[in-house]
2 protein chains.
Amino acid sequence: MHPLRAYIHRFVALPDEAWRALEAELQPRQLKRHEYFVQPGDTRHEVALLLRGACRMFYPRADGEEVTTYFFFENHLLASYPACLRNAPSPLAIQALEPTELLVFPYAALTRLYDAWPVFERFGRLLAEYHLIGTEERLSEQLLYSPEARYRALLASSKTKIMARIPQRLVAAYLGVTPVSFSRIRARVARNPGPPAG
Amino acid sequence: MHPLRAYIHRFVALPDEAWRALEAELQPRQLKRHEYFVQPGDTRHEVALLLRGACRMFYPRADGEEVTTYFFFENHLLASYPACLRNAPSPLAIQALEPTELLVFPYAALTRLYDAWPVFERFGRLLAEYHLIGTEERLSEQLLYSPEARYRALLASSKTKIMARIPQRLVAAYLGVTPVSFSRIRARVARNPGPPAG
DNA sequence: CTAATTTCTTAGCGTTTGTTAACGAAAGCG
DNA sequence: CGCTTTCGTTAACAAACGCTAAGAAATTAG
């Protein structure tokens, strides 16, 4: 099955005709290392399926720092969700960490499909709900647990692949600590692999 | 207009017949102070519109602490979103902070309406999207800014009403700090009302 | 393959936070 | 209305974090 159709199929079964309507919108795109899929301020809203490579999402802070908040790998859907949903300039950037291949389509095409096909509307609902519970889980982790506990939870999770492909300073930002502090936490955890989990 | 219909109307215009289908499911409920709408482990999934009063949402932590992560006031929709969407036991509790009046309906009734009425499915999508961008904004605030900066942002926001009706130790948890630390931050900010914002 | 750049670690220092505890104020309850 | 409980502030101490800087290690680019 087409990788995008397979992605959607995890949420809804798409009739052939509906799929073809989306397929007609797809455009391949290659990103070099460090090239952008979205830059802060962008108003041309696009969605993409990542076929090969890896990307990071980050927010620029007033002091010039770029705070990385998320990563995308193969068969992830990427977009500036806030920009698309509000139809506003993007507050964030999405940038390739490696040479990356994408399948891109305009967000406006998706909203047209929402109007035309109830099955797409359902997909849109399930997709938003899926991301919502993931984001809420991550927010509550930030509010409930210490940086060290969050790192231990990351180690114990299936997301360990994040660690493998991503520079550690970006993982640090993902966990909400500075690179220096993250290095100390790593040393601490390596010395004492078991508890504490709080 | 009925307050629930007015709430939904901010997202979609509901035909009379569709509205009546939902209206038939509504049940009023009163909560005393400290009474629960959802308790951790609950499997009977319900949604409610808050008509009068206030509630807090909190996660129980392994050490016994209850970490408050959200508040609900008049004309807010409340539910254990993770529990409803996953059809799993609730990981969190929702508890009345004041005597509270609710209009309750089963989450299963909503999913039936999703099946029966495309306009409800659209409402469900927009509702999830709306909550997603709110949650993502809050997560990125946690990752980007210091506790003091988050408190200053809260002061500058329209959410100042949170401060008024809610015990400060719960606001502290909402910001991701302990009550003692929050008290110090408040004193610091009161001494120096302007910067720093970082 | 080598040179340049970036990344990771470690250290020192000042600041902030968490914890515990005590006291006073405020609010709930009978 | 008075009693009890909860809540907010402050203090003291230990632990953790952010920042700066320097050296080592790894990666990238030519």
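Letters go in sequence order (proteins before strands), and every chain restarts at 1. Remember, it's a predicted structure, so these values are computed and weren't measured experimentally. Every heavy atom of this structure was used, including side-chain atoms; hydrogens, water molecules and symmetry mates were not.
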Practice prompt. Describe the nucleic acid contact of A:T178 in one word from base, sugar-phosphate, nothing, applying a heavy-atom distance below 4.0 Å.
Written response: sugar-phosphate

Practice prompt. Would you mind telling me which of C:dT7, D:dG8, D:dA29 lies closest to the side-chain atoms of A:R33?
Written response: D:dA29

Discussion item. Taking the side chain as everything from C-beta on, heavy atoms only, tell me whether B:R122 gets closer than 4.5 Å to A:Y114.
Written reply: yes

Practice prompt. Kindly indicate whether the side chain of B:R184 and the base of D:dG8 share any N or O donor-acceptor pair separated by less than 3.5 Å?
Written response: no

Worksheet item: Does a side-chain N or O from B:R186 land closer than 4.0 Å to OP1 or OP2 of D:dT9, or not?
Response: yes

Worksheet item: CZ of A:R165 versus P of D:dA26: gap in Å, rounded?
Response: 21 Å

Practice prompt. For residues B:F123 and B:F11, establish whether the separation of their ring centroids is below 6.0 Å.
Written response: yes

Discussion item. Below the 4.0 Å mark, does C:dG18 have OP1 or OP2 next to a side-chain nitrogen or oxygen of B:S181?
Written reply: yes

Worksheet item: Given side chains that start at C-beta, do those of B:L50 and B:N75 come closer than 4.5 Å, heavy atoms only?
Response: no

Item to complete: Give the rounded distance in Å between these two atoms: CZ of B:R152 and P of C:dT16.
Response: 11 Å

Discussion item. Heavy atoms only, 4.0 Å cut-off, all strands: where does B:P179 land among base, sugar-phosphate and nothing?
Written reply: nothing

Worksheet, complete the sentence: From CD1 of B:I185 across to C1' of C:dG18 the rounded distance in Å is 12 Å

Response to the item:
To the nearest angstrom, the CD-P distance between A:E148 and D:dG18 comes to 13 Å

Item to complete: Report the distance from atom CZ of A:F182 to atom P of D:dC19, rounded to the nearest whole Å.
Response: 17 Å

Practice prompt. Please work out which of the three classes, parallel, tilted or perpendicular, describes the rings of B:Y174 and B:Y70, given edges at 30° and 60°.
Written response: tilted

Fill in: Under-4.0 Å side-chain N/O to phosphate OP1/OP2 contact, A:Q168 with D:dA26
no

Worksheet item: Atom CZ of A:R56 and atom P of C:dT7: how far apart are they, to the nearest Å?
Response: 9 Å

Worksheet item: Can you check whether A:R188 has a side-chain N or O nearer than 4.0 Å to OP1 or OP2 of D:dC17?
Response: yes

Discussion item. Please report the distance, rounded to the nearest Å, between CD in A:E66 and C1' in C:dT7.
Written reply: 15 Å

Worksheet item: Looking at the side chain of A:A187, which of C:dT19, C:dT10, D:dA29 is the nearest nucleotide?
Response: C:dT10

Worksheet item: Any chance NE2 of A:H2 has more than 12 other-residue heavy atoms, nucleotides or ligands included, within less than 6.0 Å?
Response: yes

Discussion item. Heavy atoms from C-beta onward define the side chain here; which of C:dT17, D:dC19, C:dT20 lies closest to that of B:P147?
Written reply: C:dT17

Practice prompt. Using atom CG of A:L175 as one end and atom P of D:dA16 as the other, report the distance to the nearest whole Å.
Written response: 17 Å

Fill in: Minimum-distance nucleotide (side-chain atoms of A:V180 versus D:dC7, D:dT20, D:dA11)
D:dT20

